[in-house]
Amino acid sequence: MESLKIDDFTGYKFLSGIKHSPDGKHAAFVVHSMDFDENKYLSNLWVLEVETEKYYQLTAFDSERSFLWLDNDNIIFPDARDSRDKEKLEAGEEFTQYYKININGGEALKYFKIPKLVSSIKKAGEEMFLFTSPYSIGRSDISFLTEEEKKKELKFRKEEKDYEVLEEIPFWSNGGGFTNKKRNRLYSYNEASHDIEEITDESVDVDLFNINEDKSKAVLLLSDFKDKRELTNLIAVYDIKSKKLQIYDYQASEGETENSEGLSHSFADFISDDRVIYSATNMKRYGVNENDKFYILDLNSGKSVCITPDLDAALTNSVGSDCRYGGASLKEINNGYLYYVTTEGHNSYLNRIDAQGKIEKIITGEGSVDGISINKESLLFIGMKTDKLQELYKFTIGTEKQITDMNGWVNSERKLSTPEKLSIETSPGVVIEGWIMKPVDFDENKKYPAILDIHGGPKTVYGTVFYHEMQYWANEGYAVFFCNPRGSDGGGNAFADIRGKYGTIDYDDIMAFTDEVIKRFSFIDKEKVGVTGGSYGGFMTNWIIGHTDRFKAAASQRSISNWISKFCTTDIGYFFVDDQCQGTPWVDQEKLWEQSPLKYADKVKTPTLFIHSEEDYRCWLAEGIQMFTALKYHGVDSRLCMFRGENHELSRSGKPKHRLRRLQEITQWFNKHLK
């Protein structure tokens, strides 16, 4: 077997979007790969015959990132525009061309074209579709204009490209660019007449929508705001036949004591014709990171009741990896149950709940559940198991069976290091989980340098799933260790709550874990230990180097250095900083400054590399620049590598060449200072 190479990730396959056909006999999914020479990702549709477990590639346009089942044999999907159409797009003439393909054979043919950019689409009848599309308040909708009016509007848009006017917050979003007065609006589209009708008002932003089984209603999560977007949102139900939209304000059921007005909803769907199941939190006890609970909304009475008052688990998959691309459903209604994914401990599991709140565990194995599809008794999921990249699995009566072999070559042809678990009591009654990966070809008689890797979030978790960067460093002769300190997900609300405590109990946990790793594993050269991390992990890296000199090198990625500047500049700053740091720049400036790594930059001695992206609006470029400038000012060996055209997701979905350069920069920095 060969050592894992730094660029092996360019040969990995990433799976997303698994979905059964209506009759459950087939399922379609998306397979993503990289074209390194062209510096881009290729995406194509694949089909699985559920009973025979045979699977095959269906499309080859290299740009099919989403799809919709029309019936049992036909799929529609949007295709990338050719160069001529891209020019129209740049001029403001927006549209989405859909193709139709039969899974039993034949070419993909043009099906219909919607004169808007479609962000999500669902079938709502024989010839009817509902879809969402980005909409700009105050900007003319060219699909409703005459040809002469279109020419004038497009000319105006071309002239306006030199300006960006901001009138509300947030005014930009990571990966979405400037969002000022932009909304995701809901429309209907008639396939036969090609008519488009607006459903939501221009000021309303639709977060999510789902359609019931008989296609008579749609449930929406929406936000209607001016000047400042709030953290709460609303549930609405649209009657497709009468075209009426009804908003449901929260009304507690008789006997319910919890004050849940002003909920932040994350999901809603029909569990029966007249009942909606939704997940939400009032954020009152643990703030913006508080775990959701499940509610049932009775459409007849308009009242909701919480059916899981004691539930304390993250209703999502927050197990980190740098080997995913594309999204997939983590919640799905089937036969009167809602199937949903939770993060518990260091794994993500599949569960189901009925309308009375009874919960059953379905999939509880080691690893992560990255996407699900359920049709009657057929359950398929995209998963990552220990040391394995993503594959498609079938679950039957308690048994998991791997169906695809997209990435088997990595395990059969490359040397890998399996994480060894550690449980450490870092404070009385506080036990944290962590792991160490020994260097590949480990020799107990040798001393090795080591890298501490800190996850982002902070409300995410490390587990045993495949991480390319860690496996590569292990192949380069490093011991790699990592943990889930307080602030991490998987341990309930209280464990994840570090509001106002950033850099205190979380720092203590990480340092105690580091102490224990070095104590237990004598093969680690304690004089050659480095530290790295991204996002929250970047904050913690910045914090660590200002509070200890024990690390001989650091690589701070997409970091936070100054909570005061972050408050007013990033896409989540105005609510995240206030909530997590318990203060604002006007009332609690000293409190924010005390929690800012920049305050302690004059004490740093550790050589530090900064990695940042020009379009990272989550942890804006200014955060990295401030810390880099401070270290240079104080004579510390430091370097900043900025990536143009990238955002907060550089390490996970950045352009292939940029992802390679990022890993080269970090590895070379550690090689320089630790070897």
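Residues: numbered from 1 along the sequence shown. These numbers come from a predicted model, not from an experiment.
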For the residue pair [X] and [Y], establish whether any side-chain heavy-atom pair is separated by less than 4.5 Å.
X: Lys376; Y: His20; result: no
X: Phe270; Y: Leu338; result: no
X: Thr532; Y: Gln557; result: yes
X: Leu45; Y: Val30; result: yes
X: Ile211; Y: Leu130; result: yes
X: Met437; Y: Phe482; result: yes
X: Asp207; Y: His265; result: no
X: Ile103; Y: Tyr56; result: yes

Does NZ or CZ of [X] fall inside the cone over [Y]'s six-membered ring, less than 6.0 Å from its centre and within 45° of the axis?
X: Lys331; Y: Tyr340; result: no
X: Lys100; Y: Phe77; result: no
X: Arg352; Y: Tyr337; result: yes

Neighbour count above 12 (heavy atom, 6.0 Å) for [X] [atom1]:
X: Lys25; atom1: NZ; result: no
X: Glu51; atom1: CD; result: no
X: Lys358; atom1: NZ; result: no

Original post:
Salt bridge between Asp239 and Lys217, side-chain N to carboxylate O under 4.0 Å?
Top reply: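 So Asp239 does not pair with Lys217 through a salt bridge.
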I want to know whether [X] and [Y] have ring centres closer than 6.0 Å.
X: Tyr12; Y: Phe466; result: yes
X: Phe61; Y: Tyr99; result: yes
X: Tyr462; Y: His455; result: yes
X: Tyr502; Y: Phe539; result: yes

Subject >> Residue of the set Lys13, Arg652, Arg65 for which side-chain hydrogen bond (donor to acceptor under 3.5 Å, both in side chains) holds with Tyr325 >> reply: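 Only one option passes, and that is Arg65.
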Original post:
When you look at Leu392 and Phe29, which way does the side-chain contact (heavy atoms from CB on, under 4.5 Å) test go after all the steps?
Top reply: CA-CA 9 Å; Leu392 181 61; Phe29 57 101; 3.9 Å; yes
Original post:
In this structure, which one of Lys415, Arg414, Arg659 forms a salt bridge (charged side-chain N to carboxylate O under 4.0 Å, His left out) with Asp8?
Top reply: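 That would be Arg414; it is the only one of Lys415, Arg414, Arg659 passing the salt bridge (charged side-chain N to carboxylate O under 4.0 Å, His left out) with Asp8.
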Subject >> Option passing salt bridge (charged side-chain N to carboxylate O under 4.0 Å, His left out) with Lys459 (candidates Asp489, Asp579, Asp497, Asp506) >> reply: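 Running salt bridge (charged side-chain N to carboxylate O under 4.0 Å, His left out) over Asp489, Asp579, Asp497, Asp506 with Lys459 returns exactly one hit, Asp489.
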**OP:** With sequence neighbours left out, write down each residue that passes side-chain contact (heavy atoms from CB on, under 4.5 Å) with Leu231, or none if nothing qualifies.
**Re:**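 For Leu231 the side-chain contact (heavy atoms from CB on, under 4.5 Å) partners, ignoring immediate neighbours, are Met283, Val288, Phe575.
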